[in-house]
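For reference, the structure discussed in these notes is given below.
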There are 4 protein chains.
Amino acid sequence: MKLSEIKLQKKKQEIILSAVKLVNKKGSHGATMEEIAAELLMTKGSLYYYFKNKEDLLFQCHEMVLGQAISELQHYVNEVISNEQKLRKMIANHIRYMIEEKETFNMIIKPDQTFSKDYLQPILRKRNEYAAWFDKVIKKGVEEGEFTIKEPKIARMILLGSMNWIQQWYKLNGDKTIEDLQAIYADYLLKVVK
Amino acid sequence: MKLSEIKLQKKKQEIILSAVKLVNKKGSHGATMEEIAAELLMTKGSLYYYFKNKEDLLFQCHEMVLGQAISELQHYVNEVISNEQKLRKMIANHIRYMIEEKETFNMIIKPDQTFSKDYLQPILRKRNEYAAWFDKVIKKGVEEGEFTIKEPKIARMILLGSMNWIQQWYKLNGDKTIEDLQAIYADYLLKVVK
Amino acid sequence: MKLSEIKLQKKKQEIILSAVKLVNKKGSHGATMEEIAAELLMTKGSLYYYFKNKEDLLFQCHEMVLGQAISELQHYVNEVISNEQKLRKMIANHIRYMIEEKETFNMIIKPDQTFSKDYLQPILRKRNEYAAWFDKVIKKGVEEGEFTIKEPKIARMILLGSMNWIQQWYKLNGDKTIEDLQAIYADYLLKVVK
Amino acid sequence: MKLSEIKLQKKKQEIILSAVKLVNKKGSHGATMEEIAAELLMTKGSLYYYFKNKEDLLFQCHEMVLGQAISELQHYVNEVISNEQKLRKMIANHIRYMIEEKETFNMIIKPDQTFSKDYLQPILRKRNEYAAWFDKVIKKGVEEGEFTIKEPKIARMILLGSMNWIQQWYKLNGDKTIEDLQAIYADYLLKVVK
DNA sequence: GATGAATGAGGCTTCATTCAT
DNA sequence: TATGAATGAAGCCTCATTCAT
């Protein structure tokens with residue numbers, strides 16, 4: 001019983017990972033069930049054993065990816081370092097996601113064009129959860145005198161927004177490495193909150 | 001002769017405006033030619049009198065909107081004010097677009113999922129043209145000692161990226177007016193370049 | 001009254017000539033009313049002043065072309081020369097049509113895929129009229145001892161069929177001139193009837 | 001594994017056969033995917049499981065039909081009989097195709113109005129392959145003194161052209177049987193090459 | 001669990017035709 | 001006469017979804 005359950009979940013994960021990649025290369029509309037299946041050497045029909053429909057698959061992609069990102073944020077917040085240090089790490093982490101796993105975060109950008117009403121609520125909730133960790137650190141930083149910002153939420157929007165934009169223009173093998181980018185963004189964005 | 005040409009262009013504009021609205025509510029995929037036509041009380045087929053195909057229509061939407069925005073930027077840059085003043089105005093303008101005509105800028109975000117190769121070139125060119133006006137002011141500001149930024153292009157990316165994100169969350173009738181937002185963003189983003 | 005009538009007919013001729021060219025380059029389906037009109041620097045709509053609909057235009061193309069060809073055949077038959085001489089001239093003429101005005105005869109090949117029932121009758125009648133001139137000469141030739149053929153109709157089918165096929169493969173600027181072809185075909189095809 | 005592959009091919013054959021019939025009754029334009037499907041009690045969409053698009057289906061129709069005809073020619077050529085005998089059999093065979101499976105050869109007539117560039121090459125190649133078997137026998141006949149013709153290729157064009165024309169006029173249940181026709185054509189056409 | 005096959009709704013596009021001006 | 005504009009039917013094609021085996 002347990003074993004088969006575990007196997008099922010494992011397979012699901014596998015599908016989700018593969019789907020995420022494809023979805024973000026081609027967009028949620030451009031990626032067809034056929035292609036997603038093909039990448040896994042399955043056939044279209046089989047996907048429906050694991051997921052109710054395409055939207056369900058996309059939804060679970062979203063949940064998985066963002067869930068993981070959240071747990072990473074959580075980790076940084078719990079470290080015993082200054083809020084600035086935390087924020088720097090969180091920024092670096094977000095940028096890494098944006099570039100190395102650019103595929104993943106993409107789907108967050110315009111969920112309302114991808115998901116129907118039923119799915120939209122939990123999606124937005126997860127998104128807020130993610131943002132909340134940034135808010136927490138920024139607020140703490142203000143309280144503890146590290147930051148001076150009066151509108152912490154808007155500051156957070158600026159941080160996330162500017163970073164989400166990176167994938168629009170960044171190309172690996174350009175003149176900047178990821179580390180360069182992480183450093184520059186951290187510096188510039190901290191100027192916003194300080 | 002001239003008259004009919006003018007009429008034609010006018011109708012095209014009308015269609016473009018309507019299409020822009022729909023495309024940005026539903027995405028370029030979600031908006032069908034049928035719906036775009038219906039909104040104008042036309043039939044599908046009539047659209048093809050004015051535009052070669054859907055991609056052509058979308059392309060012209062893009063050109064029109066961004067072209068107009070560029071001409072506004074140009075205006076600010078030519079005023080006789082400090083670079084900071086210019087940048088503030090450009091930021092305010094971009095934010096206004098992002099909110100009041102949110103529909104328009106939306107289509108800029110992921111052109112490569114909307115457009116085929118032939119159209120991508122001119123689209124990216126226009127986008128760069130728009131960005132170049134920001135670069136110009138930032139660079140000038142650095143030269144004249146108003147700004148201190150070492151990576152002006154990345155700074156510009158941060159500005160635009162953060163502002164483009166606004167439409168993801170901003171709702172009219174919330175607790176912030178557009179003017180509030182313009183002021184806050186200008187203040188925070190200028191901290192980046194200063 | 002007369003004058004306007006003449007003008008009308010002239011214009012019709014003009015349209016037919018142009019249509020014939022296009023139809024045979026692109027096929028009766030491939031040639032659109034738009035293109036036919038464009039070639040004449042007209043607009044689609046105007047064509048409907050002169051012709052009831054596309055089929056009507058195509059029909060009149062057919063009538064014109066075949067009518068002209070028939071009158072030429074008639075001319076040869078009335079000359080005072082041997083039946084073999086007549087047949088040679090008729091063959092040469094048909095080949096010239098097939099190549100130089102290949103466009104024209106094309107439409108004869110599969111009329112039932114182009115025309116609806118109403119038009120089919122007169123079309124086939126005209127076709128038979130054309131063929132009848134060949135039959136006449138062949139029969140006369142048999143009567144007068146020039147030819148020996150027992151199945152004059154089938155012989156005629158062979159003649160016309162083989163010549164109609166020319167357009168499938170003949171290319172101007174190849175190694176054979178039209179005159180070469182006319183000579184060779186005349187020689188070979190006369191072997192059939194002799 | 002093998003079995004499903006075989007089944008697939010079988011179904012493809014079935015579709016091709018049905019398509020050939022329809023295409024030649026209505027022309028490649030007149031025959032719609034919908035009708036082709038309906039004839040097989042399928043739906044439009046299903047056809048696309050077997051064929052990439054309409055052109056692909058038409059192409060495979062062409063390949064199948066001509067391929068079969070070629071293999072038959074090949075058979076006659078390899079028999080140990082005089083070249084005249086061979087040619088007679090090949091003529092009879094072609095005529096049989098032209099009448100009994102008139103549907104099949106029809107599509108060969110104007111491939112350039114049916115197929116786009118990519119498909120045209122292999123189509124013409126196949127056509128030439130078919131013709132080459134006629135050329136071979138005719139040339140051999142000339143070498144061995146059976147035929148006297150100086151332009152064997154043009155002779156072949158005359159043979160094929162005249163036979164392809166048969167379908168334009170021949171009606172079963174007329175006063176000539178197929179066997180009549182085969183005999184008459186063989187006699188008359190051999191006069192050409194002799 | 002998996003798959004091959006089928007389906008059908010829906011989208012894009014073409015084009016003959018119409019008609020007011 | 002001519003045209004600009006609109007229409008709508010019809011065709012091609014895609015793809016999420018279903019289901020018997």
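Numbered from 1 within each chain, the chains take letters A, B, ... in sequence-line order.
Under the ring pair (Phe, Tyr, Trp, His ring centres under 6.0 Å) criterion, D:Tyr48 pairs with no residue, sequence neighbours left out.
In this structure, D:Leu8 and C:His29 both approach DNA chain E, and ranking their closest nucleotides by distance from the 5' end singles out D:Leu8. Checking C:Tyr50 against D:Gly30, the closest nucleotide of DNA chain F that is more toward the 5' end is the one next to C:Tyr50. Positionally, the nearest nucleotide of DNA chain E for D:Lys11 lies more toward the 5' end than for the other of D:Lys11 and B:Ser28.
Rounded to whole angstrom, the span from the NZ atom of B:Lys12 across to the C1' atom of F:dG4 amounts to 14 Å. In this entry the distance linking NZ of A:Lys26 with P of F:dT14 reads 13 Å, nearest Å. Atom pair C:Tyr49:OH and F:dA2:C1' shows a separation of 10 Å (rounding to whole Å applied). Between the NZ atom of D:Lys52 and the C1' atom of F:dT14 there is a distance of 14 Å, given to the nearest Å. Atom CD1 in C:Ile15 sits roughly 11 Å away from atom C1' in F:dT1 (whole-Å rounding).
The two atoms that bring A:Leu120 and A:Phe115 nearest to each other are CD1-CB, 3.8 Å, heavy atoms only. A pairwise comparison of heavy atoms in A:Thr43 and A:Ala37 identifies C-CB, 3.6 Å as the closest pair. In terms of heavy-atom proximity, C:Leu58 sits nearest to C:Ser28 at CD1-CB, 3.9 Å. Heavy atoms only, all atoms of each residue included: A:Tyr130 and A:Ala69 are closest at CE1-CB, 3.6 Å. Annotation for A:Glu35 and A:Leu22: closest pair CB-CD2, 3.4 Å, computed over non-hydrogen atoms. Of all the heavy atoms in A:Phe59 and A:Tyr119, the pair that sits closest is CG-CD2, 3.3 Å.
Screening residues 47-63 of chain B for salt bridge (charged side-chain N to carboxylate O under 4.0 Å, His left out) gives B:Glu63-B:Lys126 as the qualifying pairs, with residues at least two apart or on separate chains.
Residues C:Ile123 and C:Thr114 are not in side-chain contact: their nearest non-hydrogen atoms beyond the backbone lie 4.5 Å or more apart.
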Start with the C-alpha distance between B:Gln60 and B:Tyr50, add both sets of side-chain angles, then the distance that settles side-chain contact (heavy atoms from CB on, under 4.5 Å), and finish with yes or no. CA-CA 11 Å; B:Gln60 298 204 30; B:Tyr50 298 96; over 6 Å; no
N/O donor-acceptor pairs under 3.5 Å from side chains in residues 8-20 of chain A, not counting sequence neighbours:
from   : atom 1 : to     : atom 2 : distance (Å)
A:Gln9 : NE2    : A:Glu5 : OE2    : 3.4

Pairing string of DNA chain F (Watson-Crick or G-U wobble, both atom distances under 3.5 Å; | = paired to other strand) is .||||||||||||||||||||
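Bounding nucleotides for the chain D contact on DNA chain E, 5' to 3', at a heavy-atom distance below 4.0 Å, are E:dG4 to E:dG10.
Within residues 32-48 of chain D, the residues that have a heavy atom under 4.0 Å from DNA chain F are, in order of number, D:Thr32, D:Met33, D:Lys44, D:Tyr48.
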